[in-house]
> 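Following this message is one structure expressed as structure tokens.
Model, not experiment: these values are computed from the prediction.
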Amino acid sequence: MHLWKMSKMEISNNMILCMFIMFQSIIVIIALLLGISVFTSRYDKYKAVHDLIGDEGVVLNAQHFMWAGSNPDNMICCEKKEIEELFPNTKIFSTYNVWATYDYEDIWDNYEPKTIAYDNEVAATFVPDMDDGRWLKESDNKSSVVEAVITNNKAGIEVGDEIYITTDFFGEQLEEKITIKIVGVVSDNTYIIGAPASYVEEYDDVRDCFFMYSIDFDVRPYLFFLKEDLRNAENELLGSPHITTAISGIQFINFDNDIKSSEIDYIESVISSEKCNLDKKMNMDQVMKNSKKYIWNQLDEVLPIFIGLLVLIIMSVICSSAMMTRSQLKNYAIYYTVGLKWSDCIKIQILQQSILQFGAFIITSVVFLFMLKFNVLDNTVFEFSIIHIGICLLYVFLCIFASIILPYRIINNSSPKNILVTKV
């Protein structure tokens with residue numbers, strides 16, 4: 001305990017230099033948080049798509065798909081089993097356009113929400129930023145109420161509100177209304193998986209699998225729920241499905257591990273045929289290549305600058321700690337005369353730097369948590385997660401280690417007797 005007291009006392013004796021060291025570390029920690037946030041915000045989208053498709057497969061943005069076979073009635077695919085017949089030896093994870101009208105306090109004239117339904121796997125792979133409530137989860141499928149998430153909306157619909165489906169797409173009255181309960185509200189200007197068909201942005205990477213919504217620019221809100229949740233509610237309330245769900249928008253198609261090249265050629269021929277009304281097609285190798293470039297693009301520009309800054313800061317910490325040690329040698333010699341071990345002086349140096357570096361980390365963390373709590377960083381990519389904390393702590397320990405290199409040599413090459421005699 002006495003070493004802690006001595007360390008704090010030595011810091012107070014060199015307050016200006018110590019504040020300079022802390023300020024430098026705060027700048028580096030802010031730069032680390034920004035760089036990590038840029039990387040993770042981009043990598044999370046890549047990971048979501050890669051988790052669904054793997055290394056081999058395709059991403060399709062489709063208006064609709066036609067049934068396999070002759071299909072004289074021109075039926076479109078509305079269920080997973082129908083699209084699976086089009087693409088043998090694949091695993092398909094779909095998004096759906098839901099053909100439904102909703103009742104909510106007679107406000108839906110010209111304001112009907114657009115609805116995207118997900119396969120469980122698609123919804124689980126990426127969670128958008130939420131203003132309130134939560135995102136969809138598989139346990140939602142276990143009740144007769146459809147749990148849904150909505151974007152910010154001018155109707156004022158929020159978490160806990162309920163809207164209803166009372167008729168099918170053809171206007172026929174349902175025997176029992178289907179309750180849609182809002183469990184979450186998506187933040188504006190956040191990425192949402194499953195871009196609608198005809199989505200205008202084109203990057204040829206994972207960003208084409210996502211879209212952004214803003215209440216300031218989008219006329220109609222979006223409603224999201226799990227397709228299985230809808231079907232379970234219909235079967236429980238009505239005995240069978242009544243609401244049409246068309247397979248439309250982004251579709252993730254994963255090739256089986258044992259798929260043959262001839263089977264891939266067949267799938268490619270189906271994709272290019274009249275069976276698929278597509279807005280866009282991307283092979284997974286193309287997605288991976290372009291996405292990695294997208295992930296590293298901005299970091300490549302700032303990484304050399306950051307490395308140079310980090311080297312300068314580490315050198316500054318080394319030199320500053322050496323200056324502090326030289327200015328404190330007389331005090332250390334006095335401590336030695338009253339019973340302190342000479343080796344304990346190294347410990348005091350380590351404790352001093354620990355206080356300064358952890359202090360810089362704590363100050364920066366508190367400020368960022370405060371800004372996150374009060375939504376100051378809503379329109380930025382800044383995040384604060386375990387990964388951010390871990391890398392910042394790695395920097396802190398690096399600084400502490402670097403700061404004892406010269407002090408260790410200075411103290412070991414000195415003796416209390418010589419110091420006291422010289423100073424006198």
Side-chain angles (χ1 to χ4, degrees), residues 78-80 94-124 126-188 190 192-197 211 213 215 218-250:
C78 295
E79 303 293 330
K80 181 183 283 287
S94 291
T95 62
Y96 306 79
N97 180 16
V98 180
W99 295 354
T101 56
Y102 302 91
D103 291 336
Y104 181 80
E105 299 180 0
D106 300 325
I107 55 87
W108 293 117
D109 292 342
N110 301 318
Y111 198 61
E112 191 79 22
K114 305 173 187 177
T115 306
I116 296 178
Y118 297 109
D119 282 343
N120 296 338
E121 298 86 350
V122 178
F126 188 85
V127 178
D129 294 334
M130 308 293 294
D131 271 354
D132 193 16
R134 62 170 176 84
W135 183 241
L136 308 169
K137 55 186 179 180
E138 195 168 346
S139 59
D140 292 339
N141 298 328
K142 298 179 180 179
S143 73
S144 60
V145 174
V146 179
E147 282 79 9
V149 172
I150 197 168
T151 54
N152 278 308
N153 56 93
K154 297 174 183 176
I157 298 174
E158 55 189 18
V159 172
D161 288 346
E162 294 180 349
I163 60 179
Y164 308 97
I165 302 175
T166 56
T167 62
D168 62 19
F169 179 70
F170 303 100
E172 296 181 3
Q173 194 75 22
L174 300 177
E175 294 180 5
E176 294 282 345
K177 68 181 180 182
I178 300 173
T179 300
I180 311 291
K181 183 175 181 178
I182 305 301
V183 297
V185 178
V186 177
S187 302
D188 273 6
T190 185
I192 305 168
I193 195 166
F211 73 104
Y213 172 90
I215 192 174
D218 293 276
V219 176
R220 294 162 59 189
Y222 276 87
L223 193 69
F224 312 96
F225 50 72
L226 300 177
K227 178 176 170 289
E228 185 179 339
D229 192 11
L230 173 66
R231 291 291 179 247
N232 287 345
E234 289 177 290
N235 289 331
E236 187 169 336
L237 295 171
L238 306 170
S240 63
H242 283 62
I243 306 303
T244 301
T245 56
I247 294 177
S248 178
I250 295 294

> For the pair Glu228 and Arg231, find out whether any cationic side-chain nitrogen is under 4.0 Å from an anionic carboxylate oxygen.
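No.
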> Within this structure, what is the CD1-OG1 distance for the pair Ile150 and Thr115, rounded to the nearest 0.5 Å?
9.0 Å
> Is atom CD of Gln173 surrounded by more than 12 heavy atoms (other residues, nucleotides or ligands) closer than 6.0 Å?
yes
> Please round to the nearest 0.5 Å and tell me the distance separating atom CG of Asp161 and atom CD1 of Ile182.
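Going from CG on Asp161 over to CD1 on Ile182, the span is 7.0 Å.
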> How about Val185 and Val159: do any of their side-chain heavy atoms sit closer than 4.5 Å?
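SC-SC contact between Val185 and Val159 confirmed.
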> In terms of the angle between their ring planes, are Tyr213 and Tyr222 parallel, tilted or perpendicular, with boundaries placed at 30° and 60°?
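Aromatic pair Tyr213/Tyr222 classed perpendicular.
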> Taking Asp229 first and then Lys181, would you say they form a salt bridge - that is, a charged N and a carboxylate O separated by under 4.0 Å?
no
> Rounded to the nearest 0.5 Å, what separation is found between the OG1 atom of Thr179 and the OH atom of Tyr164?
5.5 Å
> Check whether any side-chain N or O of Thr244 sits under 3.5 Å from a backbone N or O of Trp99 as a donor-acceptor pair, and report yes or no.
no
> Looking only at heavy atoms, what is the nearest atom pair of Asp119 and Ser94, with distance?
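It is OD2-N, 2.7 Å.
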> Taking all atoms of both residues into account, what is the closest heavy-atom pair of Asp168 and Ile243, and its distance?
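Looking at all heavy atoms of both residues, the shortest contact is CA-CD1, 4.2 Å.
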> Hey, mind stepping through Glu176 and His242 against side chain to side chain contact (heavy atoms under 4.5 Å, CB included) and telling me if it holds?
CA-CA 11 Å; Glu176 294 282 345; His242 283 62; over 6 Å; no
> Do Ile165 and Tyr102 touch side chain to side chain, with heavy atoms closer than 4.5 Å?
yes
> Please determine whether side chain to side chain contact (heavy atoms under 4.5 Å, CB included) holds for the pair Leu174 and Thr166, giving the CA-CA distance in whole Å, both sets of side-chain angles, and the decisive distance to 0.1 Å.
CA-CA 6 Å; Leu174 300 177; Thr166 56; 5.8 Å; no
> Do you know the tightest heavy-atom contact between Ile178 and Glu234?
CD1-CG, 3.7 Å
> So which of Thr151, Asp129, Asp132, Asp131 actually passes side-chain hydrogen bond (donor to acceptor under 3.5 Å, both in side chains) with Ser187?
Asp131
> For the residue pair Glu175 and Leu238, what are the closest heavy atoms and their distance?
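In this case the closest contact between Glu175 and Leu238 is N-CD2, 4.0 Å.
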> Side chains of Leu223 and Ile163: closer than 4.5 Å at any heavy-atom pair?
yes
> Report yes or no: does Tyr118 contribute a side-chain atom to a donor-acceptor pair with the main-chain N or O of Gly194 at less than 3.5 Å?
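No.
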> Show the nearest heavy-atom pair for residues Val149 and Arg134, with the distance to one decimal.
CG2-O, 3.4 Å
> Mind listing the closest non-hydrogen atom pair of Asn235 and Ser240 along with its distance?
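Here Asn235 and Ser240 meet closest at OD1-CA, 3.4 Å.
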> Are a donor atom and an acceptor atom from the side chains of Asn141 and Asn232 found within less than 3.5 Å of each other?
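Not at all, the side chains of Asn141 and Asn232 share no donor-acceptor pair under 3.5 Å.
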> Tell me whether Glu162 at atom CD has more than 12 heavy atoms from other residues, nucleotides or ligands lying less than 6.0 Å away.
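Check passes, neighbour count above 12.
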> Going from CG on Asn120 to CG on Asp140, what distance comes out if it is rounded to the nearest 0.5 angstrom?
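Output value for this atom pair is 9.5 Å.
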> Using the rule given for side chain to side chain contact (heavy atoms under 4.5 Å, CB included), can you reason through Ile215 versus Lys154, listing the C-alpha separation, both sets of side-chain angles and the distance that settles it, and then say yes or no?
CA-CA 8 Å; Ile215 192 174; Lys154 297 174 183 176; 4.0 Å; yes
> How many angstroms lie between atom OG of Ser248 and atom CD1 of Ile116, to the nearest 0.5 angstrom?
9.0 Å
> Could you check Val186 against Trp135 for side chain to side chain contact (heavy atoms under 4.5 Å, CB included), going step by step and ending with a plain yes or no?
CA-CA 8 Å; Val186 177; Trp135 183 241; 4.1 Å; yes
> CD/Glu236 to NZ/Lys142 distance, rounded to the nearest 0.5 angstrom?
13.5 Å
